[in-house]
Structures are given as C-alpha cells and as structure tokens.
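All chains are named by letter (A, B, ...) in the order of the sequence lines, taking the proteins before the strands, and each is independently numbered beginning at 1. Keep in mind it's a predicted model, so treat the numbers as computed, not measured.
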Amino acid sequence: MASPSFKENVPLSPPKKETYKPDLDSQPAAKRRKLGPSGPASSQPTQSSFADVLARLKEDAEETQDAEGGADCWARPALPEIDERRDPIIFQQIDAEDKTEQGDGSALRMFGVTEGGNSVLMHITDFLPYFYIAVPRGFMNTDTTAFRDYLNNLDGDGARGECQFNNLFRDVVDTYESNVPYALRFMIDTKVVGMNWIEVPAGKYKLLKEGKRSHCQIEINVRWDQFISHAPEGNWSKIAPLRILSFDIECAGRKGIFPEANIDPVIQIANMVTRQGESKPFIRNVFTLNTCSHIVGSQVLSFDDEAKMLQAWRDFVNEVDPDVVIGYNISNFDLPYLTERAHALKAKNFALLGRMANVKAVTKDTHFSSKAFGQRDSKETALDGRLQVDILQYMQREHKLRSYTLNSVCAQFLGEQKEDVHHSIITELQNGTPESRRRLAVYCLKDAYLPQRLMDKLMCFINYTEMARVTGVPFNYLLSRGQSIKVLSQLFRKANEDGYLVPTLKGEGSDEQYEGATVIEPRRGYYNVPIATLDFSSLYPSIMMAHNLCYTTLLDKTTIDRLNLVKDVDYIRSPNNDFFVTSGKRKGLLPTILEDLIGARKRAKADLKKETDPFKRAVLDGRQLALKISANSVYGFTGATIGKLPCLAISSSVTAYGRQMIEKTKQEVEAEYCIANGHLHDAEVIYGDTDSVMVKFGPTDLREVMALGSQAADLVTAKFIKPIKLEFEKVYFPYLLINKKRYAGLYWTKPEKYDKMDTKGIETVRRDNCRLVSTVISTCLNKLLIDRDVKGAEEYTKQIISDLLQNKVDMSQLVITKALAKTDYAGKQAHVELAERMKQRDAGSAPALGDRVAYVIIKGVKGAAAYEKSEDPIYALENNMPIDTKYYLENQLSNPLMRIFEPIMGEKASSLLSGDHTRSIQIATPTVGGLMKFAVKTVTCMGCKNAFESNQ
DNA sequence: GGTTTAGCCTAA
DNA sequence: TTAGTTAGGCTAAACC
C-alpha cells in the first residue's frame with residue numbers, strides 16, 4: 001500500500017473560507033412563532049389538559065415529602081437580563097451540529113448550558129466547508145478567479161465532488177482534508193474540543209428574540225471566529241449543571257408476542273431528572289394511562305387517553321428541557337416505540353422533543369461494524385440539542401459481560417436486583433385496579449432510576465466528557481462512532497498546528513496482514529517458586545516515541561539517495577526495513593501527540609493525588625483514563641488498513657521493534673543472571689507475551705526474587721532508547737502456566753501478602769462457557785493456589801460432578817451465552833440455530849445481530865449434534881425439557897478441569913472424571929424451586945426489559 | 001476416526 | 001458513509 005505523505009501547509013487555491021454559497025444571513029428569516037412563557041405548548045390543543053395535569057401535580061407535590069419536585073421546579077432557572085454590549089455569554093457546549101435545513105445552505109449550531117443553568121443555542125455564521133488540492137502543474141495564482149467562477153457554475157454541490165477536478169486537470173488530483181465531517185472541521189479550526197467552555201465576548205454576538213428558532217433560553221448569532229474557546233484546564237475543567245432525564249416506558253403487550261407500536265399501547269412513562277453533580281433526582285414522576293394509586297416521593301400523572309398522555313410527556317420534556325437523555329435501550333426501543341406509537345395514534349406533534357422549534361425527531365436505522373466491536377444494527381432518534389446516552393450501548397462498548405440485561409448489569413455493578421414485574425402480567429396489572437397499576441408504576445420508576453444510578457456509579461458521563469475533551473471529538477461520537485475518529489481528530493489538530501495538511505487517501509483497504517507480536521513458547525507447568533514479571537510500560541507508544549515513527553518522518557530509499565542522507569544521523573532503519581527521519585532532524589507528529597498525551601496523563605495523576613474534592617477527583621481520574629486509552633490506540637490507527645490513514649510502515653515497524661525487544665530482554669536477563677556470573681541459579685524466561693517476560697530467577701524467597709526482578713528491569717531499561725522502560729511489576733507465586741495466553745497465579749507486589757488471584761485466558765475470564773464451569777475452575781484454583789489443598793479441590797470437584805449428574809445444579813448455572821456475530825454462517829452452531837428457532841416463535845423478542853444468545857443443552861436423540869439440542873432456557877423450563885447433564889460434564893467441565901489439575905496431580909487427574917461420583921442415578925425432570933428463582937431473577941426481555949414467565 | 005476449518009473470545 | 005491491531009487457544013462442525 002502506498003504510504004500517505006503529508007503536505008506542507010502552503011496557501012493553496014481555493015483559499016480558506018472562500019464563499020461559494022450564498023451567505024447564511026442573506027437567507028430570508030423563517031417565520032417563527034414567538035414562544036409564550038410556558039414554551040411552544042401554549043398553542044397546542046393539548047395545552048388545556050396539560051394545565052389540568054400541572055394543577056394536579058402541584059397538589060400532588062404538596063402532599064409528598066418531596067415537595068421540591070413540584071411542577072414549579074420543572075423549568076430551568078429564570079434567565080437574567082442580558083445586555084449585548086455589556087455581558088459576555090459563557091457556556092459549556094455539549095454539541096455542535098451541522099444540520100442543514102432546507103434552503104439554508106451550510107449551517108452550524110452549538111448547544112450548551114451556562115454555569116447558572118440556562119440553555120444556550122449559538123448559531124455560527126460564515127464558516128463554510130473547504131478542502132485543499134495540490135496546485136496542478138502550470139496553475140498560476142492568476143488562474144484562481146477563473147477557477148472559482150468555473151466551480152461556482154457547476155451544478156448542485158459540485159464543489160465537493162472530486163471528480164470535477166479530475167475532469168478539469170486530466171490527472172488525478174490529490175485532495176487534502178476533504179473527508180472531515182463539517183462540524184469537526186469547524187471544531188478543529190476554532191480549537192473547540194468536545195464539552196469545553198465557550199466565551200462570546202460582549203459586543204461580538206447578536207441576541208435573538210423575535211427570530212428565535214429554538215426553545216433555548218439564550219439564542220445568539222456569532223461569527224465563527226468571534227468567540228473564545230477555553231481549553232478544558234484549571235477552572236475550565238468544570239461541568240455545567242446539565243439536566244439529565246432518565247426515563248423508561250412500559251407497554252401492554254399481548255401474551256407471548258413482543259409489543260408492536262401500531263397495536264400495543266404505551267401505558268406508563270417514568271422519569272427522573274437530575275442535575276449533573278447532584279446525587280438525587282429533583283423530579284421523579286410517572287405518566288400513567290388510567291388511574292394509579294399514590295406513590296410516596298413521586299408524582300403520578302394519570303391520563304385516560306393514550307395520545308394525550310404522550311403529548312403531555314412531550315410537554316414535560318420540553319418544560320424540563322434536559323441536556324442529556326438517558327435510559328436503558330432507549331435508542332432501539334423506548335424512543336422509536338414512542339414516536340411510532342404517537343404516529344399510530346395520530347398524536348399530533350408528539351415528535352417535537354428536541355430543542356429546535358418545529359423540528360421533529362425522526363428515527364433512522366444505522367449499522368455499525370468493526371472487528372473489535374462486532375456488527376450491530378441499531379436505531380437513532382436524534383433530539384436536537386440534547387445528548388443521549390443509552391446505558392445499554394455504553395455497557396456493550398465499555399464492559400465485556402455475559403449478559404447485558406438491565407437486571408444482570410445492575411446485579412453486577414449496583415449489587416442489587418431490580419424490582420421485577422413479570423412480562424406476562426403487565427397487561428393484567430394494567431387492566432386491574434389503581435393499586436395494581438401502582439405496582440407497575442413503582443417498577444417503571446425504578447427502571448427509570450437504575451440507568452441514572454449506573455451512570456453515577458460507573459461515572460459514564462464524566463469519563464465520556466473527559467474523553468471528548470482529550471480527543472477533541474463531540475460527545476455524541478463516543479457512542480456512535482469508532483475508535484479511529486478520535487485519533488484522527490487529534491492528528492488533524494496537531495498537524496494543522498504544525499503546518500501540515502492531512503492527505504485524503506483513496507480508501508481501498510488492503511487484505512495484507514502484517515506480523516504482530518511475539519509470544520514466547522511457554523514452559524508449561526506448575527511453578528511452586530516465585531516467578532518475576534517484567535513489563536515494558538506502554539510498549540507501542542514508547543517505541544513510536546523512541547524511534548520517531550510517524551507519517552511525517554517516513555522516508556523512501558529514493559529520497560535518502562537524492563538528499564544524500566546519512567544513516568543513524570539523518571535517519572534510522574527499522575527492523576522492518578522502513579526508514580524514518582531522526583527526531584533531531586524533524587520530530588514526528590505521532591511522537592509529539594503521544595508525548596503530550598503521556599505528559600498530560602502524568603499531570604492528571606499528580607493532580608489527582610493532591611485533589612480532595614470527590615467530584616474533581618472523578619473528573620481527573622476520568623481524564624487520566626482517557627489519556628491512557630488514547631495513547632494506546634494510536635498504533636492501532638496506523639494499522640487499520642480499512643481506515644482513514646493506514647500506514648503499515650509505521651505499524652509493522654512498531655511490532656518489529658517490539659519483537660526485537662522482547663527477544664533481547666530474554667537474552668539479557670538469562671545472560672546476566674546465571675551461575676557463570678556468580679548467581680546461585682540460572683534464570684529462565686519461562687514465558688512472555690508482546691511486552692512482558694516471566695522469569696524464574698531460581699530463589700524460593702519472595703523478597704529475593706523481587707529484588708532480582710527490579711534489578712533486572714533497570715539493567716534492561718538501560719540498554720534501550722528513552723522513553724522505553726522495562727518495569728518490574730509483580731511476582732506470581734505459585735504460578736500455573738497452562739498454555740500461550742492461558743495462566744493463573746497468585747499476584748504479589750509486596751512480600752507481606754498477595755494482592756489477588758490473577759487468571760488470564762482461562763475459563764474463569766471467558767464468557768462463552770456456562771457459569772458452572774467458571775465457578776468450578778475458580779474455586780479449584782483458589783483451593784489449589786491459595787489454600788494449597790489439592791485434596792479439597794478434588795473432593796469439591798467430585799461433589800459438583802455428582803450434583804450435576806443428579807440434576808441438583810440450578811439451571812442458571814448451565815446457561816451458555818454466545819454472541820450472534822454474523823448474518824451468514826458457514827456451518828451450524830448451537831446459538832445460531834437457536835436464534836433462528838426463536839425468531840420463528842416470536843421475531844420481536846428473538847436475539848438480534850450482535851446480541852448474546854443464551855442457551856442450555858437439553859437431552860436429545862443419541863448422537864445428536866449440540867446445535868440440535870440447544871434451547872432457550874425459559875422455553876426449556878416452561879416445557880419441562882430435561883438438561884443433558886452428560887454434555888455439561890464431557891463438553892464443558894471435563895477439559896478445563898483436566899487442564900488445571902494435570903500439571904499439579906499428573907496422571908491421577910483423570911480419576912476426577914470417572915468413579916463412583918459419576919454413577920449417580922439421574923432424576924429425569926428438573927427441580928423446580930431453584931429454577932424458578934432463576935427465571936424471575938435473571939431472564940428478561942431486552943426490548944421491554946420485563947421478566948419472562950416462569951412455569952408457575 | 002482423524003484432520004481441517006469456522007467461529008468465539010481473549011491477551012497484549 | 002463507516003469500520004483500531006495481530007496472536008492464539010479451544011470447541012464443534014465439516015470434511016475426507
């Protein structure tokens with residue numbers, strides 16, 4: 001593949017910001033309705049009913065303890081008087097959009113919130129799309145006018161089409177920076193990063209009053225270059241008191257069928273509104289269809305008409321005016337369901353949920369596919385000016401879990417189960433009494449609160465805010481786009497700063513793979529002596545920095561010859577035989593970016609140490625995490641052949657250096673620590689992967705080994721170029737080395753006490769086996785490595801096997817989950833075949849592309865394949881299908897058990913799998929008690945998040 | 001019945 | 001219009 005070459009940034013034609021389109025301001029201002037004191041609802045037919053609701057709400061709020069949550073408090077703080085000539089407008093921007101309305105041409109707007117909690121819309125004028133081309137041969141400065149006229153006379157938006165140039169200049173013309181999203185282009189040029197603070201000085205903006213186009217309290221016009229963008233440091237690290245709405249809906253479905261918006265009603269919508277930085281919601285309410293008994297601490301708003309309820313909820317959203325809308329699976333279920341339902345009910349103007357007046361929210365289908373994240377189809381319902389965080393999507397991106405049901409995620413991170421109302425009885429409860437509907441509402445309220453609690457606990461918002469600030473991309477990219485746009489954003493910023501233009505590559509991805517890291521052949525076995533682990537910290541970033549690897553430093557042989565460059569003075573040759581300019585001659589962009597990231601991380605960590613305020617600490621911790629992830633993704637970006645700027649010379653040089661380094665490390669350590677050099681033992685590198693070596697120095701004493709480890713790390717570090725650093729990190733003792741990428745050990749960083757049990761790659765950390773296997777292996781490892789109780793581990797294992805064969809193991813322990821990763825499979829597989837069968841039963845609730853399919857293996861005819869015996873756990877329960885316990889013993893437990901016991905017990909290990917305990921009489925039908933517990937607790941529908949029916 | 005391949009998930 | 005990398009263990013199906 002041709003390596004991209006950067007161009008020095010010399011002014012090219014057409015000049016930046018040259019106007020090819022009519023000026024925005026010259027467009028006739030659209031007629032906009034003046035907003036009444038209570039917002040746009042004042043002219044809606046639903047207003048009177050909503051007023052009734054408000055009145056009822058006030059009464060309700062007075063009754064509840066939580067009087068603060070009354071209707072008076074829905075709206076934002078009142079707007080102070082603003083004097084255009086005296087007052088600057090200062091706000092935290094949350095989104096920059098390039099929405100092009102009809103006839104508007106290109107338009108940019110930025111939404112945000114002031115420190116006082118007022119909402120802001122800033123219309124940005126006079127910033128037009130542009131890109132660069134290399135000056136064609138013979139093209140003179142005097143040709144620019146004629147060239148511009150030619151472009152302006154092209155049909156449609158020809159100025160953006162590269163083909164036009166190719167027609168014009170015969171040769172293919174390289175373009176630069178022509179593939180940057182418009183909003184990001186603007187942010188790069190104005191040094192705006194995601195979620196930073198903007199200051200518009202007095203006199204530099206025009207306050208819109210009559211011509212307002214949004215519901216924002218402050219709406220201004222500003223020229224693109226007339227504001228100050230504050231770097232998110234010091235006082236500008238703060239976060240505005242953003243309003244976060246967390247909501248959940250309930251639908252009354254028909255038995256056994258997933259709810260469909262054109263048939264099944266929305267019966268409840270629960271809402272929690274929290275100010276960013278506060279620990280409790282200040283609004284809690286639930287909109288119910290039909291009456292509902294009082295709920296302490298929450299407002300109940302009841303409606304007898306579904307359309308009116310939906311419209312009242314829309315009015316509530318507009319009144320609260322949230323900056324961030326969150327929930328669980330809101331992107332793929334709640335928001336599309338609400339808009340579709342409103343459409344089916346002909347509930348007028350329901351979709352006016354965003355901040356722009358008269359702009360309806362529309363649901364779009366999107367598809368995301370990457371090797372790292374897999375494929376997924378999803379929906380997107382943009383609410384103008386409001387960020388969305390679907391906590392389900394966040395979880396799927398940021399945490400590898402066996403199951404992503406709200407229930408399972410809450411159990412994992414909040415340590416609690418959610419209040420479950422059974423899927424099949426929702427309709428029953430709805431059709432019952434005010435009391436039964438109250439029960440439903442309590443459940444719905446809790447489901448609205450849990451996403452907020454998860455967000456607080458995991459600090460999703462703070463961490464994403466810091467990620468947006470560090471990488472410079474808009475917040476909404478973090479859930480909707482891939483990893484590479486973040487690197488690209490940083491690269492563009494640094495490139496432009498240093499006077500480079502980034503080429504736009506013709507994106508034909510190549511299938512060629514390059515060689516990666518070395519995995520040292522393991523000396524498998526059980527080690528009852530301390531094993532020291534030495535790691536290169538941030539190996540790939542440090543290689544890129546040490547050797548100045550970059551797009552801007554890459555040389556070819558011709559250039560070297562032409563310029564008479566001297567090896568090791570002007571340039572170096574990588575082990576992959578690529579040439580790079582030395583940093584003394586020209587420092588690369590990527591090394592500079594990496595240094596900045598690493599330096600910023602050091603500062604963040606130092607600040608974190610000093611900081612005592614828990615909120616500021618959380619921000620700093622989020623920042624250092626974002627900086628670490630960013631540094632580590634630069635390498636992957638250069639190797640992404642189907643990306644924006646692949647450069648295999650860089651990525652394969654990085655891995656080549658890495659391979660050389662790990663080999664050298666092994667040799668240096670073994671050469672130095674040997675009997676011949678006066679040591680008591682010959683050290684052995686027993687394993688190593690990419691950036692680490694595991695060393696058996698020989699001594700049995702932990703302290704001694706730790707001393708040798710840190711000494712050896714320093715010895716090796718000295719042999720490499722800065723900032724490459726080998727660190728002694730920990731000792732494993734004892735250490736069970738099963739295979740490449742598979743080991744377990746007790747992890748010690750200090751000689752007094754081990755820190756933890758560490759397991760890599762084995763069943764305890766894998767998600768594609770059943771829980772029984774991971775708990776059994778985990779328990780055995782604890783007994784073997786911590787208690788050193790081989791006998792106990794054996795007995796435990798035999799007992800489990802006996803229980804399994806007697807059907808005493810709860811079915812929840814036998815559920816296997818696997819991702820449905822593709823649309824077309826070559827062969828038959830258990831989870832794929834089951835997903836297909838489930839689709840036949842009820843398409844709506846069947847697993848979708850990217851979902852994890854949960855299944856159990858049930859008894860079948862003799863010799864049947866596993867894919868014929870896989871079954872939905874709930875379906876198996878309901879239909880009393882017997883578990884194939886033999887499968888679980890032979891295909892799930894057996895091999896993993898042998899792999900950990902054999903290195904310790906030797907041949908005797910096989911006795912675990914035969915003997916009296918395997919000859920227990922089997923009970924044909926499953927035990928009911930434990931199974932029901934399972935059904936209620938862990939199996940929920942991903943769409944409506946309700947538990948499925950048990951066999952009650 | 002042994003070997004190859006597809007697919008999943010993890011290590012780093 | 002969009003998508004971070006390679007190495008590698010392990011299971012079950014497919015193949016011969």
Verify the contact: side-chain N or O of A/Ser369 to OP1 or OP2 of C/dA3, cut-off strictly under 4.0 Å; return yes or no.
-> no
Could you check whether A/Tyr687 gets within reach of a base, just the sugar-phosphate, or nothing at all, counting any heavy atom under 4.0 Å?
-> nothing
Is A/Tyr540 touching bases, backbone alone, or none of the nucleic acid, heavy atoms closer than 4.0 Å?
-> nothing
Does A/Arg767 make a side-chain N or O approach to OP1 or OP2 of B/dT10 shorter than 4.0 Å?
-> yes
Contacts of type ring-ring contact (aromatic ring centres under 6.0 Å, His included), residue A/Tyr477, not counting sequence neighbours = none
Considering just the side-chain nitrogens and oxygens of A/Lys740, establish if one lies under 4.0 Å of OP1 or OP2 belonging to C/dG8.
-> yes
Ion pair A/Asp884/A/Lys859, N-O distance below 4.0 Å | no
So, is A/Lys760 near the phosphate of B/dA12, with a side-chain N or O under 4.0 Å from OP1 or OP2?
-> yes
OP1 or OP2 of C/dT6 under 4.0 Å from side-chain N/O of A/Arg659 | no
Are OP1 or OP2 of B/dG7 and a side-chain N or O of A/Gln829 less than 4.0 angstrom apart?
-> no
Would you indicate what A/Arg766 reaches in the nucleic acid, counting non-hydrogen atoms under 4.0 angstrom: base, sugar-phosphate, or nothing?
-> base
Could you run down the sub-3.5 Å N/O contacts of the protein with nucleotides 14-16 of chain C?
unit_1 : atom_1 : unit_2   : atom_2 : d
C/dA14 : OP1    : A/Lys828 : N      : 3.1

So, is A/Lys822 near the phosphate of B/dG7, with a side-chain N or O under 4.0 Å from OP1 or OP2?
-> yes
With heavy atoms under 4.0 Å as the rule, sort A/Val487 into base, sugar-phosphate or nothing.
-> nothing
A/Lys494 with A/Asp596: basic N within carboxylate O range, under 4.0 Å = yes
Does any residue of residues 467-482 of chain A have a heavy atom under 4.0 Å from DNA chain C, and if so, which ones, in number order?
-> A/Arg481, A/Gly482
Phosphate OP1/OP2 of B/dA12 contacted by A/Tyr743 side-chain N/O (<4.0 Å) = yes
Should A/Arg524 and A/Glu521 count as an ion pair when the cut-off is N to O under 4.0 Å?
-> yes
Is it true that A/Lys828 and A/Glu868 make a salt bridge, defined as a side-chain N closer than 4.0 Å to a carboxylate O?
-> no
Got a donor-acceptor contact below 3.5 angstrom from the A/Arg899 side chain to the A/Ile762 backbone?
-> no
Under 4.0 Å between a side-chain N or O of A/Asn739 and OP1 or OP2 of C/dG8?
-> no
Across the strands shown, which category fits A/Arg899 at heavy-atom distances under 4.0 angstrom: base, sugar-phosphate, nothing?
-> sugar-phosphate
Look at all strands and tell whether A/Ser633 reaches a base, only sugar-phosphate, or nothing, counting heavy atoms closer than 4.0 Å.
-> nothing
Any side-chain N or O of A/His831 under 4.0 Å from OP1/OP2 of B/dC8?
-> yes
Just call it for A/Gly636: base, sugar-phosphate, or nothing, with non-hydrogen atoms closer than 4.0 Å on any strand.
-> base
So what does A/Ala866 hit on the nucleic acid, given a heavy-atom distance under 4.0 Å: a base, only sugar-phosphate, or nothing?
-> sugar-phosphate
Any ion pair linking A/Arg469 and A/Glu466 (charged N to carboxylate O, less than 4.0 Å)?
-> yes
